[in-house]
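In listed order, ligands and their atoms are each counted from 1.
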Amino acid sequence: MQFKTIIEPFRIKSVEPISLSTEDERLQYLKNAHFNPFLLKSDQVLIDFLTDSGTSAMSNNQWAAMMQGDESYAGARSWQHFEHTVSELTGMAFILPTHQGRAAERILYGHLGGTGKYFISNTHFDTTRANIEFSGATAIDIPVPQAADLESDYPFKGNIDTDKLQQLIIQYGENIAGVILTVTNNSGGGQPASMQNAKEVSAICKRHGILFILDCCRIAENSYFIKQNENGFQEYSFKEIAQQMFALADAAVMSSKKDALVNMGGFLTLRNKTLADACTQLLIITEGYTTYGGLSGRDMEAIAVGLNEVFDADYLKYRITSTRYLGEKIKSKGVSIVYPVGGHAVYVDAKKLFQHIPVNQYPGQALVCELYKTGGVRSVEIGSVMFGKYDANRNLIPAPYELVRLAIPRRVYTQSHIDYVVEVFDEIIKNKTTVKGFQITYEPEFLRHFTAHFKPID
Ligand code: F0G
């Protein structure tokens, strides 16, 4: 018997109250936050889909492990537990603990980068790109062409375009400092990459002596899609699939705030000793000593336990099917989303939803505000507010898409929370032609989406 209801494979032992609010109250909160939900207080939010990063609920076993934290400066038991777990998963010899993903990026890309160097990826995540560009190097995105069709059901839109990769290798040769496969591809709709693609990219990199790096922060979710949709993987466990993918790479950067099911942490793993020695120097200077880096002993314990829990078949099935449930429900109401639904988030096409709002009036921001005002749901715009640029006359050069991401924290919300969000969409769809666009009234020079102020356009 296959039941339709997705049940959470856990019981709730500790609860955190959500403060309910009325639409009038939320409109006032939104005005006070200059119509930028990043500036809201979390107490003003009912369902927080801003990010899946660092927002997981830890298990009873993780909390118990935290009590075992050994806070010794050097050679702590917690370090041994952490190192053993990470090296068993990744198969890599050198493990560098960092306080979060971008610290691992800063160390690796800061060392490998510099002016004249190039990094190539399916899509660089913002902090990845920022660390690369900060070093003086250039970041080039080459997702497969199928990724451009947001609504097709091609299962591996997170793949790297291997033809383009070979062309770029001819063009930039030894100035290519690394090829980064981000699994799943967060900035590309949370879409998975196939093992076949990882194998091809790995072989091309090997042939040309280029470092192949996995950005593996959602690798358990990616493994689920491989087992489901790629031939030849049905017999393997999710962890074995992840191990096979790590085996293809020379290095991995991890934000543990995602698939390690913790609130803070990260690591960098490497195979090559010379590279590991250089990165270790930077680790000690900027993060901490080699056996804790940016982490306390208890953090390392929680990560070690989380990295095993995340590959649990019941957990992963619940995780992916509940994200898909939200996406499919919204889609069934005629709202365009990036399809197929990815692992950690649903990406809504706000331009298609609000066709009366021109791109220079930020339809994505309009949807983010509408979701909050109508139902207290916080989401994030990933369109022209986040990625738009100006030309010499201060006209907007829009981003390629006007998307809104609903990122789902792990093990935090229940089926009824998700059903509630679907109802919020019903309300928005009913009144969609009355929704207004926005103008920016204040913006900083960099990363404006975090702190910009907006005003609705009458
Ligand atoms: N790589 C990817 C693919 C990410 O999604 C993130 C973070 C990072 C690296 C950086 O990790 O935050 O631990 O420093 N993504 C979060 C998000 C912030 O909301 O998608 P970090």
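Residue, atom and distance of the protein heavy atom nearest to atom 9 (C) of ligand 1 are Glu105 OE2, 3.3 Å. Nearest protein heavy-atom contact of atom 21 (P) of ligand 1 is Gln100 NE2, 3.3 Å. Counting only heavy atoms of the protein, atom 18 (C) of ligand 1 lies nearest to Phe125 CZ, 3.8 Å. Shortest contact from atom 10 (C) of ligand 1 to any protein heavy atom: Thr127 OG1, 3.4 Å. Remark: minimum distance from atom 14 (O) of ligand 1 to any protein heavy atom is reached at Arg102 NE, 2.7 Å. At the shortest separation from atom 16 (C) of ligand 1 among protein heavy atoms lies Lys258 NZ, 3.4 Å. Distance from atom 13 (O) of ligand 1 to its nearest protein heavy atom, with residue and atom name: Ser255 OG, 2.6 Å.
Short contacts between ligand 1 and Thr182, defined as distances under 4.0 Å to a heavy atom of the residue, involve ligand atoms 3 (C). For ligand 1, the atoms closer than 4.0 angstrom to any heavy atom of Gly101 are 11 (O), 13 (O), 14 (O), 21 (P). Shown in contact with Cys217 at under 4.0 Å from a heavy atom are these atoms of ligand 1, numbered in order with element: 2 (C), 3 (C), 4 (C). With ligand atoms numbered from 1 in the order given, ligand 1 contributes 16 (C) to contacts under 4.0 Å with heavy atoms of Ser53.
Taking the six-membered ring for Trp and thresholds of 30 and 60 degrees, His344 and Tyr347 have ring planes more than 60 degrees apart, a perpendicular arrangement.
In Arg405, the part holding a heavy atom less than 4.0 Å from any atom of ligand 1 is the side chain. Here Lys257 has side-chain heavy atoms under 4.0 Å from ligand 1, and that is the only part of it that gets that close.
Under 4.0 Å is where a charged nitrogen must lie from a carboxylate oxygen, and between Asp52 and Arg410 at least one such pair does. In this structure, Lys351 does not pair ionically with Glu402, as no charged nitrogen and carboxylate oxygen lie closer than 4.0 Å. Of the charged side-chain nitrogens involved, at least one lies within less than 4.0 Å of a carboxylate oxygen, so that Arg129 and Asp141 count as a salt-bridged pair. The pair Glu71-Arg298 counts as a salt bridge, with a side-chain nitrogen and a carboxylate oxygen less than 4.0 angstrom apart. The existence of a salt bridge linking Lys239 and Glu88 is confirmed by a sub-4.0 Å separation between a basic side-chain nitrogen and an acidic carboxylate oxygen.
Backbone and side-chain nitrogen or oxygen atoms of Asp52 are examined, and none is located within less than 3.5 angstrom of a nitrogen or oxygen of ligand 1.
Under a 4.0 Å heavy-atom criterion, Gly266 is not in contact with ligand 1. The shell of residues lying under 4.0 angstrom from ligand 1, judged by heavy atoms, excludes His344.
The 12-atom threshold is not exceeded at CZ of Phe134, counting heavy atoms of other residues, nucleotides or ligands nearer than 6.0 Å.
A ring-centre distance under 6.0 Å is not found for Phe311 and Phe238. Between Tyr372 and Tyr29, the distance from one ring center to the other does not fall under 6.0 angstrom.
Relative to atom 3 (C) of ligand 1, the option among Ile382, Asp215, Thr51 with the closest non-hydrogen atom is Asp215.
For Lys329 and Phe425, the positive end is not near the middle of the six-membered ring at less than 6.0 Å and at most 45° from its axis.
A side-chain N or O of Asp299 and one of Ser296 form a donor-acceptor pair less than 3.5 Å apart.
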